[in-house]
Amino acid sequence: MSQESFRFRERLLANFYIALEAVIANRLRSFLTALGIIFGVAAVIAMLAIGNGAQQEIMEQIKLVGVNNIIVEPIVDQVEERVADESSQNREKKKFSPGLRMLDVESIRESVPGVKHISPEVMLDTYLVKDGNRRSAKLVGVMPEYFQVNNFALQQGKMFSKNNLLKGDPVCLIGRGVQTKFFSQENPIGKKIKCGNQWLTVIGVLEEREVSEDHIGKLGIRDLNMDVYIPIQSMFVRYKNRDLVTSSGLVQGGGQRYSGTEAPQVSMVGNKNYHQLDRLVIQVEDSRSLSPTADVLNRMLGRRHFGVVDFEITIPELLLKQQQRTQHIFNIVLGAIAGISLLVGGIGIMNIMLASVMERIKEIGLRLSLGAKKSDIVNQFLFEAVMISVSGGVIGVILGIILADAVARFGDFPTIVSFSSVLISFSVAATVGLAFGIAPARKAAKQDPITSLRYE
């Protein structure tokens, strides 16, 4: 190291120590000056933590409802009326609709392009019985595609085989909660459990699915851990099939049930659920085709149901992505508001440092008369401004982390404090101190030594 470099380093250290002594000597003023930076940094970290938590929650919601999924659900209570025959006392008769059924599934599979998986579902509220234990549960008739479109994996055992699906065998997959409740002391694979009035053989256990109460309310997702899954053909053969003609159905339908292409003016609609399926999930290959595919499904099902709007189509991923975009804009606004507080804090530092220059004119004149260079005076006041802002940034980071944790604990809202948010806010705080400290430092260096010594 050359002698000039050594001297330059010594001068910098001396200026730093002088600035540190000045900050410590005016601790209260320095703390009050740093308040703007403290609250600004804390606000930035807390707001970004809340935004990151919201973004992660939305991504978890997308995973729960599945990726690239279109959901078709029957509208059970909707009745569409039409004047069928004005000559017969102008009575309005309801249009016939076969409802959502397996024939729709086959038609979609054959006619709609870009479809990756189709998952029909039939649900039944029932009860489980084993070794004297009884508990209510939901029985769900599905096809293997159900677990793919819902990102639901097996923990142990095997999936339904082709024979299970074709023959409607009495086999089932159980949720993790069912295993805990009824098979806590044994391996459930190969064991039997009574579901309703049927005995089912357990062939697999699904992995535990954690669903918060908030997700259940927002997305309509139920607790899947207490569900029992059987092949959809088993549901039709052994439990219920609303597509079959029954005596009660004949009475409600006016004694007729058609499967032809003509739409007779007979009502199978009413308060009773006439749909064979309770839910239909279509997964497309490309997310860009979600809306076009939904439009195609709407038109095709409308024709198959003879113009009766007895189904509802939703695209959860698009709804959640819209929510994500809204949240992103909201985060930008919050970050800008928090950034303004940093700007205000920087202006406060500049004002206090300008006042400090006026208070310490004699000290500046004395240092200049003893041989200090103008660069030494600039460095001294810059060091003071940066130390105030950096110390305020450190306190602000700690306060921001505490605020984010408090929001997560008491507000029941997920927050994620990222390293990038801490680094950015701290860097901005240091930069603010440097930027707003330049003007006071330059003003101090421009003081005339003789005039400064005579200043009162």
Side-chain angles (χ1 to χ4, degrees), residues 64-66 69-78 98-105 108 117-129 134-152 159-160 164-165 168-178 181-182 193-200 202-206 209 211 215-244 246 249 269-283 301 310-314 316:
L64 286 174
V65 300
N69 288 351
I70 301 172
I71 298 176
V72 183
E73 294 179 305
I75 301 175
V76 177
D77 294 329
Q78 178 160 335
L100 196 64
R101 53 184 181 159
M102 289 298 295
L103 290 178
D104 292 329
V105 176
I108 293 171
H117 297 295
I118 304 179
S119 171
E121 304 171 29
V122 182
M123 287 169 279
L124 177 66
D125 291 321
T126 184
Y127 58 89
L128 302 176
V129 178
R134 177 184 169 116
R135 176 162 182 165
S136 61
K138 191 174 288 294
L139 182 67
V140 188
V142 297
M143 299 179 71
E145 286 86 352
Y146 171 88
F147 305 100
Q148 294 173 315
V149 300
N150 290 285
N151 298 317
F152 214 178
M159 189 56 65
F160 303 132
N164 296 148
L165 297 170
D169 291 338
V171 295
C172 68
L173 304 175
I174 61 175
R176 188 70 175 85
V178 177
K181 175 69 177 178
F182 295 97
I193 186 170
K194 190 174 184 181
C195 186
N197 58 357
Q198 298 282 336
W199 284 94
L200 303 176
V202 179
I203 63 172
V205 179
L206 296 164
R209 192 71 173 267
V211 184
H215 288 165
I216 291 174
K218 287 182 179 178
L219 303 177
I221 299 173
R222 64 184 184 277
D223 184 4
L224 306 178
N225 296 309
M226 286 303 297
D227 287 355
V228 175
Y229 300 88
I230 62 174
I232 196 166
Q233 187 63 24
S234 301
M235 175 68 82
F236 293 147
V237 172
R238 300 177 183 278
Y239 288 94
K240 69 172 182 179
N241 185 357
R242 288 187 291 260
D243 201 46
L244 297 178
T246 62
V269 193
N271 292 327
K272 185 174 176 62
N273 184 3
Y274 60 94
H275 298 269
Q276 185 183 24
L277 303 179
D278 292 313
R279 196 166 182 256
L280 181 59
V281 181
I282 298 98
Q283 186 178 68
L301 292 176
D310 57 352
F311 59 89
E312 183 179 18
I313 298 177
T314 57

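All values below were derived from every heavy atom in this structure, side-chain atoms included, with hydrogens, water molecules and symmetry-related copies excluded.
With rounding to the nearest 0.5 Å, the separation of CG in Leu277 from CD in Glu73 is 12.0 Å. Distance check, rounded to the nearest 0.5 Å: CD1 of Ile282 to CG of Asn69 gives 9.0 Å. With rounding to the nearest 0.5 Å, the separation of CD1 in Ile174 from CZ in Phe182 is 9.5 Å. Atom CE of residue Met235 and atom CD of residue Gln276 lie 11.5 Å apart, to the nearest 0.5 angstrom. Between atom NZ of residue Lys240 and atom CG of residue Leu124 there is a gap of 5.0 Å, rounded to the nearest 0.5 Å. Interatomic distance, Ser119 OG to Arg279 CZ, rounded to the nearest 0.5 Å: 8.0 Å.
Gly177 and Met226 make their closest contact through C-SD, 3.4 Å (heavy atoms, listed as atom of the first residue, atom of the second, distance). Nearest heavy-atom pair, Gln233 versus Leu165, reported as atom, atom and distance to 0.1 Å: CB-O, 3.1 Å. Here the closest heavy-atom approach between residue Tyr239 and residue Cys195 is recorded as OH-O, 2.7 Å. The minimum heavy-atom distance between Val228 and Cys172, with the atom names listed, is CG1-CB, 3.7 Å. Nearest heavy-atom pair across Val72 and Leu100 is O-CD2, 3.9 Å. The two atoms that bring Arg238 and Gly168 nearest to each other are NE-O, 2.8 Å, heavy atoms only.
Residues Val105 and Leu280 have side chains in contact (heavy-atom distance under 4.5 Å, counting atoms from C-beta outward). Proximity of Pro231 to Met143: side-chain heavy atoms (C-beta onward) are nowhere separated by under 4.5 Å. Considering only heavy atoms from C-beta on, Lys194 stays 4.5 Å or farther from Leu128 through its side chain. Annotation: side chain of Leu173 is not in contact with side chain of Val205 (no heavy-atom distance under 4.5 Å). Glu121 is not listed as a side-chain neighbour of Ile232, based on a closest heavy-atom distance of 4.5 Å or more.
The closest donor-acceptor contact from the side chain of Asp104 to the backbone of Arg101 lies under 3.5 Å. Listed for the His117 side chain is no donor-acceptor partner under 3.5 Å among the backbone atoms of Val149. For the pair Ser234 (side chain) and Asp169 (backbone), a donor-acceptor distance under 3.5 Å is present. Between the side chain of Lys181 and the main chain of Arg135, no donor-acceptor pair closer than 3.5 Å is present.
Taking the six-membered ring wherever Trp is involved, the centroid distance between the rings of Phe160 and Tyr229 does not fall below 6.0 Å.
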Dump the intermediate steps for side-chain contact (heavy atoms from CB on, under 4.5 Å) on Ile230 and Leu139, then the final yes or no.
-> CA-CA 7 Å; Ile230 62 174; Leu139 182 67; 3.7 Å; yes
Show, in sequence, the C-alpha distance, side-chain angles and deciding distance for Val202 and Ile193, and conclude whether the side-chain contact (heavy atoms from CB on, under 4.5 Å) test is met. CA-CA 7 Å; Val202 179; Ile193 186 170; 4.1 Å; yes
Next on the checklist: What verdict does the side-chain contact (heavy atoms from CB on, under 4.5 Å) test give for Met102 and Phe236, after you've listed the backbone C-alpha separation in whole Å, the side-chain angles of each residue and the deciding distance to 0.1 Å?
Outcome noted: CA-CA 11 Å; Met102 289 298 295; Phe236 293 147; 3.6 Å; yes
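Side-chain contact of Asp310 with Tyr274: a donor-acceptor pair under 3.5 Å is present, judged by distance alone.
A salt bridge is absent between Asp227 and Arg176: the closest approach of a Lys/Arg side-chain nitrogen to an acidic carboxylate oxygen does not fall below 4.0 angstrom.
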